[in-house]
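Residue numbers start from 1 in every chain, and the chains themselves are labelled A, B, ... in the order their sequence lines are given, proteins ahead of strands. All values derive from a computational prediction rather than experimental measurement.
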Amino acid sequence: MDLNMDLNAPHSMGTTIIGVTYNGGVVLGADSRTSTGMYVANRASDKITQLTDNVYVCRSGSAADSQLVSDYVRYFLHQHTIQLGQPATVKVAANLIRLLSYNNKNMLETGLIVGGWDKYEGGKIYGIPLGGTLIEQPFAIGGSGSSYLYGFFDQAWKEGMTKDEAEQLVVKAVSLSIARDGASGGVVRTVVINSEGVTRNFYPGDKLQLWHEELEPQNSLLDILNSPSPEPMNI
Amino acid sequence: MNFMASKQPENSLLGPEADSQRTLYPYVTGTSVVALKYKDGILMAADMGGSYGSTLRYKSVERMKSIGKHSLLGASGEISDFQEILRYLDELILYDNMWDDGNSLGPKEVHNYLTRVMYNRRNKFNPLWNSLVLGGVKNGQKYLGTVSMIGVNFEDNHVATGFGNHLARPILRQEWHENLSYEDGVRLLEKCMRVLLYRDRSAINKLQIAKITEEGTTISRPYSLKTYWEFSAFANPAQGAVGTW
């Protein structure tokens, strides 16, 4: 188990990915860790990928498979936009992803969350897990880190949140997941999409809230050696 | 289609009755331990994580313990096996004390004992799933050794287990030198632990640094390291190549 590292294992984004609708648009969020076995191949990956100006996709699972699927769909959507004469809808983007995922289900290992804004339906989130099911949801979670968030979202999710509430929820959720999932880590990236456009945000690992049993980061032990130890108990 | 009839196990190591004797797999595991010799003794660092597969389940596991008067043991791998080893060593030290002859087991002796235990278990296909680091000072002599779950053992000026072998040892080879001061030793270990935090999936940001000198052992309180994320390329990696990772 010790020196048992599989550096030739396929690059996999263990990952935590989230998509949440709010009153006016969507917020997509993801961690930034890409691993090859137990080694962190990239600690600052960008898992939220653009498909069109108004539609983005969160990628999880095999890095290669998810990149290729999103590259193909970006290409198809580009042609579709030209032919249609106006921006593609989120539903069309999601269905293109679904077609590739479903028709190649035996070969692909990638779970995707498509999110965006269009003028017909507003903000929409579609989850496309392994196998190619398409499911429209008010919020979606995916990746290995999502296991730790089912309870959290059951409790914390509310219909009709504001943009800031939704983004804070996403950042908190990814951060909680990073705390417990070894396959998730690094920074939290979010993308907010609404009628006004797209905003990318970046929350470095050291700026996130501390959770249970986590401590305030220090420069070095040498800086805290002379600070007072905790008071002994009085019985 | 199965044309061959399945054969019955022929010797006692195959078949279900032998499973209780077989090699297991680890459940709750600790990751790297890194240690080096410095001017006054040994410095050792380990994080406080106990992973359960890919879940970072326990975050206050002490993976370094002092043994007798002169030794410090750090362990990676299965935590329950480490706890069993501590029981064995408790008994060893107890018997040593009961002689009441003024002598006490030094780090070299403890390391040798551990090597025998690990190797003999390995030979019975029932290993203690750990990589151990044993450091100490006795009568001015510094000692730092390591033993793996299959019994590979050696001593050196700096050692590491697990991912530390790949990420920490190159740093130590480059920057370790004889007669490091305490501050330099701590900084060097922190440099190694920070890299491990960035690049080892099972590492957590909560560690302890232990020091053992002729005077005795001190294990620091748990603390966290600052990490750096402000490279401009980190802010927007897909700028030049949409769809990249």
Side-chain angles (χ1 to χ4, degrees), chain A residues 1-3 5 7 11 13-14 32-35 37-51 59 63 66-68 70-71 74 144 147-148 178-183 185-187 200 202-207 210 212-222 224-225 229-230, chain B residues 25-26 29 31 45 48-49 51 53-60 76-78 129-131 148-149 161-163 165-167 182-183 186-187 189-190 198-209 220-231 233-238 242-245:
Chain A
M1 187 252 141
D2 217 23
L3 297 179
M5 271 166 312
L7 291 173
H11 278 44
M13 295 171 300
S32 71
R33 178 171 284 188
T34 303
S35 31
M38 290 299 273
Y39 177 65
V40 177
N42 188 350
R43 63 177 170 113
S45 343
D46 185 3
K47 303 182 190 182
I48 310 177
T49 301
Q50 185 181 26
L51 293 177
R59 302 180 290 114
S66 64
Q67 282 177 2
L68 260 295
S70 61
D71 283 352
R74 188 180 314 113
S144 60
S147 307
Y148 306 94
I178 287 175
R180 290 294 183 175
D181 179 26
V187 308
R200 268 192 170 284
F202 168 76
Y203 301 85
D206 51 349
K207 299 283 192 303
L210 289 174
H212 181 51
E213 296 200 293
E214 291 186 343
L215 302 171
E216 197 65 55
Q218 311 288 344
N219 278 316
S220 167
L221 175 69
L222 303 169
I224 55 172
L225 271 178
S229 297
Chain B
Y25 27 78
T29 55
T31 185
M48 301 189 75
S51 297
S54 65
T55 306
L56 307 169
R57 189 159 180 186
Y58 303 106
K59 295 190 176 181
S60 294
S76 65
E78 172 67 49
W129 208 286
N130 297 107
S131 280
S148 76
M149 67 188 263
T161 67
F163 255 86
N165 274 303
H166 295 84
L167 298 174
Y182 173 71
E183 287 76 22
V186 168
R187 270 189 263 271
L189 280 180
E190 285 177 342
Y198 287 143
R199 296 293 175 176
D200 178 2
R201 257 173 55 161
S202 38
I204 64 161
N205 194 2
K206 192 174 180 195
L207 66 144
Q208 290 176 303
I209 296 197
S220 79
R221 79 169 86 124
Y223 72 105
S224 289
L225 287 170
K226 283 197 180 151
T227 51
Y228 188 70
W229 301 93
E230 308 305 323
F231 293 109
F234 282 12
N236 214 344
V242 180
T244 184
W245 65 354

Using 0.5 Å steps for rounding, measure from the [atom1] atom of [X] to the [atom2] atom of [Y].
| X | Y | atom1 | atom2 | answer |
| --- | --- | --- | --- | --- |
| B:T55 | A:Y148 | OG1 | OH | 2.5 Å |
| B:S51 | A:R180 | OG | CZ | 10.5 Å |
| A:E214 | B:S224 | CD | OG | 7.5 Å |
| B:N205 | A:E213 | CG | CD | 13.5 Å |
| A:N219 | B:Y223 | CG | OH | 10.5 Å |
| B:K226 | A:D206 | NZ | CG | 8.5 Å |

Measuring heavy-atom distances to chain B, does [X] have an atom under 4.5 Å in its side chain, in its backbone, in both, or in neither?
| X | result |
| --- | --- |
| A:E216 | backbone |
| A:R200 | side chain |
| A:L225 | side chain |
| A:I178 | backbone |

What are the two closest heavy atoms between [X] and [Y], and how far apart are they?
| X | Y | answer |
| --- | --- | --- |
| A:L215 | B:P222 | CD1-O, 3.3 Å |
| A:L221 | B:I209 | CD2-CB, 4.0 Å |
| B:R199 | A:A41 | NH1-O, 3.1 Å |
| A:A44 | B:P237 | O-CG, 3.6 Å |
| A:L222 | B:R187 | CD1-NH1, 3.4 Å |

Can you tell if the side chain of [X] reaches within under 4.5 Å of the side chain of [Y], non-hydrogen atoms only?
| X | Y | result |
| --- | --- | --- |
| B:V186 | A:S220 | yes |
| A:R43 | B:W229 | yes |
| B:E230 | A:P204 | yes |
| B:K59 | A:H212 | no |
| A:F202 | B:N236 | no |

Quick one: of B:A238, B:S220, B:A235, who has the most non-hydrogen atom pairs under 4.5 Å with chain A?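 Option with the top pair count is B:A235.
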Quick one: which of B:G49, B:S54, B:S202, B:A203 has the most heavy-atom pairs under 4.5 Å with chain A, could you say? B:S54
Under 4.5 Å from a heavy atom of chain A, the part of [X] involved:
| X | value |
| --- | --- |
| B:F231 | side chain |
| B:E190 | side chain |
| B:T31 | neither |
| B:L167 | side chain |

